[in-house]
Amino acid sequence: MANNTVYINRIIKKYMQALACMIFLFCMISCSKDENRFSRDYPCSFTFFTEYHQTSDLAKILNNPGLFVIVTSRQVNGITQLTVAHGYDNKPETIKLTTEKERRFDYTNMGANRSIIIGCTSFSEQRAYDAQCPYCLDTKSGVDYPLAFIDNGQKVKCSVCNRIYELTNGTCISGATTNESMRLKEYRVKVYMENVFPVIYVSNK
């Protein structure tokens with residue numbers, strides 16, 4: 001009886017070791033795929049404090065599945081201004097980053113051309129992409145190939161190559177050649193709380 005117990009314990013131990021190895025390999029493969037999903041072709045680091053802009057269109061993406069916006073930064077008289085455009089009308093919003101905290105951040109590294117797409121999919125997953133066409137960035141010179149919303153803000157289209165990209169997962173759904181596999185250049189999104197208000201952080205670090 002004792003020998004049977006020892007034998008069974010050995011079998012259980014080997015099974016648990018094998019299971020642990022499988023879980024470890026699965027995690028390694030999943031992490032590798034996740035890392036490959038995010039583009040590092042252009043530096044991207046964007047921080048938005050909803051505390052100071054609670055009614056802005058950019059803050060609304062957190063609680064509105066299916067809502068995406070294109071955010072572009074520029075300097076006006078030494079102050080960073082964000083232009084926030086959405087797909088359901090032609091009335092972009094201007095947000096001035098004037099607080100002491102906001103002025104500490106550099107808003108020039110926002111992808112290829114200081115413009116990114118941020119939003120929430122219909123599955124309530126935050127996503128961020130470069131707002132320039134990835135095909136044109138990879139095959140042409142320069143970085144000015146802006147994408148524009150179509151289909152009520154659920155897709156974007158490049159006016160240069162006419163490729164259309166779906167925003168739920170960034171895939172090219174129209175205009176690509178047969179053997180072409182093209183996705184929007186995706187960036188990592190993290191939402192954390194500060195002073196009970198969400199902070200939206202987009203990067204490729």
Side-chain angles (χ1 to χ4, degrees), residues 33-49 56-58 61 67-76 78-87 90 92-97 102-121 125-151 153-177 179-191 199-205:
K33 288 182 178 180
D34 191 57
E35 286 300 315
N36 292 334
R37 170 178 149 189
F38 302 109
S39 172
R40 290 181 173 81
D41 293 344
Y42 302 92
C44 183
S45 182
F46 173 79
T47 304
F48 183 73
F49 298 92
S56 69
D57 290 333
L58 185 48
I61 67 169
L67 177 62
F68 285 86
V69 295
I70 296 177
V71 184
T72 304
S73 74
R74 61 174 181 154
Q75 287 288 119
V76 179
I79 296 175
T80 299
Q81 292 189 6
L82 303 179
T83 300
V84 181
H86 37 68
N90 294 316
E93 174 188 27
T94 298
I95 301 175
K96 296 181 180 181
L97 307 181
E102 291 171 318
R103 293 175 73 103
R104 297 177 198 157
F105 289 83
D106 180 6
Y107 289 89
T108 59
N109 290 328
M110 290 174 56
N113 198 23
R114 296 178 68 162
S115 186
I116 56 179
I117 302 169
I118 312 175
C120 182
T121 71
E125 180 184 10
Q126 273 79 37
R127 293 268 184 163
Y129 307 102
D130 201 294
Q132 309 298 313
C133 174
Y135 176 81
C136 292
L137 286 175
D138 291 348
T139 61
K140 306 178 188 299
S141 61
V143 293
D144 191 18
Y145 304 100
L147 296 165
F149 283 123
I150 61 170
D151 193 18
Q154 300 307 297
K155 301 179 181 68
V156 287
K157 182 178 181 179
C158 176
S159 61
V160 177
C161 68
N162 292 318
R163 281 168 172 76
I164 296 175
Y165 301 89
E166 201 266 337
L167 291 174
T168 298
N169 53 29
T171 56
C172 181
I173 59 173
S174 178
T177 59
N179 298 322
E180 181 182 308
S181 178
M182 183 62 62
R183 291 184 72 251
L184 294 172
K185 294 185 184 296
E186 186 171 358
Y187 301 128
R188 192 187 306 273
V189 183
K190 179 181 178 181
V191 179
V199 177
I200 302 172
Y201 178 56
V202 179
S203 76
N204 54 4
K205 296 180 180 178

Side-chain donor/acceptor of Tyr129 to backbone N/O of Leu167, under 3.5 Å: yes
Using every non-hydrogen atom in the two residues, find where [X] and [Y] come nearest and quote the distance to one decimal.
X      : Y      : answer
Ile117 : Asp130 : CD1-O, 4.0 Å
Arg114 : Tyr107 : NE-O, 4.0 Å
Arg103 : Gly78  : NH2-O, 3.9 Å
Cys136 : Tyr145 : CB-CG, 3.4 Å
Gln132 : Ala112 : CG-CB, 4.0 Å
Tyr165 : Cys133 : OH-SG, 3.3 Å

Nearest 0.5 Å please: distance from the [atom1] atom of [X] over to the [atom2] atom of [Y].
X      : Y      : atom1 : atom2 : answer
Ile61  : Thr121 : CD1   : OG1   : 11.0 Å
Lys190 : Thr47  : NZ    : OG1   : 10.5 Å
Phe149 : Lys157 : CZ    : NZ    : 15.5 Å
Ile70  : Leu82  : CD1   : CG    : 13.5 Å
Arg104 : Asp106 : CZ    : CG    : 15.0 Å
Cys44  : Glu186 : SG    : CD    : 11.0 Å

4.5 Å side-chain heavy-atom contact, [X] and [Y]:
X      : Y      : result
Gln75  : Thr80  : yes
Ile118 : Phe46  : yes
Lys185 : Asn204 : no
Leu97  : Phe105 : no

Any side-chain donor near an acceptor of the partner, Thr83 and Glu93, under 3.5 Å: no
Any donor-acceptor N or O pair under 3.5 Å, side chains Ser115, Asn113: no
Derivation of the side-chain contact (heavy atoms from CB on, under 4.5 Å) call for Leu58 and Val71: CA-CA 8 Å; Leu58 185 48; Val71 184; 4.0 Å; yes
With sequence neighbours excluded, residues passing salt bridge (charged side-chain N to carboxylate O under 4.0 Å, His left out) with Asp151: Lys155
Cys120: which of Glu125, Gln126, Arg127 passes side chain to side chain contact (heavy atoms under 4.5 Å, CB included): Gln126
Residues which pass side chain to side chain contact (heavy atoms under 4.5 Å, CB included) with Pro43, listed by chain and number, not counting sequence neighbours: Asn109
